[in-house]
Amino acid sequence: MPIRPLILTCAGVVDGTGSPAIRDAAIRIEGERVVAVGPVATLRPHPDEHATVVDHPGLWICPGLIDEHTHLGLAGDGRAYEEMAEDSDEMMVLAGVMNLGKHLRSGVTTLRDNGARNQIGFTLRDGAKRGYFPSPRMLVCGRPITCTGGHFWWCNEEADGEAEIRKAVRRLVHEGADHIKIMASGGGTRGTIPGRASYTESEMHAAIHEAHLFGRLTVAHCRAKESMVHAVNAGLDLMEHAEFLDPDGVMRFDPEIAAMMRECGVYISPTLQAAGYPTVVALRAKRGSEGLTKAEEQRLKAAEERVETRVGHFRQMLDLGLLHRMVAGSDAGCGNLEFGHLDYDFHLMHRGGMSAMQILESATRITAEAIGFAADVGTLEPGKLADLIVVDGDPSSDVTALSRVRAVYQTGQRVV
Ligand SMILES: [Zn+2]
């Protein structure tokens with residue numbers, strides 16, 4: 001049986017490679033993969049092929065978005081980690097199914113889970129593969145490796161010293177980890193210190209070296225400046241947060257560390273919305289409708305200041321040549337970071353100086369490269385999986401277009 005081609009037509013295609021937008025464009029898909037992208041006039045089907053043609057008049061098509069950093073077991077409903085950790089594993093799996101649906105509807109077709117408890121991450125990935133529920137394609141780390149009592153210790157992968165860390169990597173690989181996540185500094189978990197490294201440089205090296213022996217990429221939670229230096233010296237692949245936190249809990253940008261990051265070629269997921277952006281959005285909306293109490297005004301001001309500091313540091317990293325290393329990651333699930341809002345990061349990256357086109361490339365091709373998935377996803381080119389989204393507006397010139405997702409296709413099938 002010859003494959004019946006699918007041809008999508010639209011107002012324009014931005015393919016994620018960095019090439020300019022193609023207006024009045026079409027995409028030809030055969031089976032799961034893209035066969036051709038070009039102007040409509042060049043891709044008219046032959047009458048004998050019985051092609052299916054779907055028009056999306058006035059709308060634009062770009063590759064599906066990729067979120068490099070999520071926590072699927074957490075609901076992003078504003079509870080502290082300690083409260084969320086009281087949920088059973090079964091409840092966390094249900095939260096994961098809800099989260100995956102929200103992300104898929106918002107245009108995320110690929111994501112990475114960077115840490116859940118016990119078997120939750122593996123179960124969700126394998127359930128999605130069986131087709132039990134709609135989901136972006138998924139890479140999971142299983143559990144994050146952390147020191148005793150460290151950030152996310154309740155996920156149950158505590159390891160101290162090089163020998164235990166190597167063993168933890170081997171255990172996770174054996175259980176099915178696609179990549180290895182390391183908690184290199186404290187974080188929002190009670191009793192941990194965000195401005196202090198949790199692992200020495202040699203412990204970081206043990207984790208990264210062992211992961212690489214098994215062909216697994218590494219990602220580390222690095223809020224502390226000290227942890228950023230350890231991670232870079234140990235050869236980390238992708239750094240989360242990069243907050244430049246000092247032990248006293250104050251963020252102070254350091255151009256020498258940024259230069260080290262550029263020299264070693266590490267990818268960076270700045271997770272800008274995690275500075276409190278959902279709080280800013282919610283309180284600004286409330287101020288506009290019913291007004292704010294004095295306490296809320298103070299909370300808004302504090303959140304705005306934190307966001308501005310992080311956006312300022314992000315801009316300085318771009319100025320120091322890190323533009324093409326920036327990847328999209330929401331940290332969704334934690335605190336009040338709800339799934340379905342990777343676009344919050346795009347708003348802040350734009351504020352920090354990236355153009356709409358640069359943000360689109362970051363959230364598609366560059367993130368695909370950073371997670372080792374570029375052979376299949378990240379651009380709309382012949383041979384790639386037909387994972388794409390239909391948006392209202394030209395995403396190469398208007399970053400808000402990515403907040404108006406009208407349809408989602410996975411492997412050539414419309415799923416939203
Ligand atoms: Zn995280």
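Read the numbers this way: they start at 1 and go in the same order the structure lists the ligands and their atoms. Every heavy atom of this structure was used, including side-chain atoms; hydrogens, water molecules and symmetry mates were not.
- Nearest heavy-atom pair across Arg315 and Arg351 is NH2-O, 2.8 Å.
- Taking backbone and side chain together, His69 holds an N, O or S atom under 2.8 Å from the Zn ion (ligand 1).
- Side-chain contact between Phe314 and Pro270: present, with at least one pair of heavy atoms (C-beta onward) separated by less than 4.5 Å.
- Here His71 reaches the Zn ion (ligand 1): one of its N/O/S atoms is less than 2.8 Å from the metal.
- For Glu240, every N, O or S atom stays at 2.8 Å or more from the Zn ion (ligand 1).
- A salt bridge links Arg171 and Glu157; the closest N-O separation between the charged side-chain nitrogens and carboxylate oxygens is under 4.0 Å.
- Using a 4.0 Å cut-off between charged side-chain N and carboxylate O, Glu305 and Lys301 make a salt bridge.
- Summary: OD1 is the N/O/S atom of Asp331 found nearest to the Zn ion (ligand 1).
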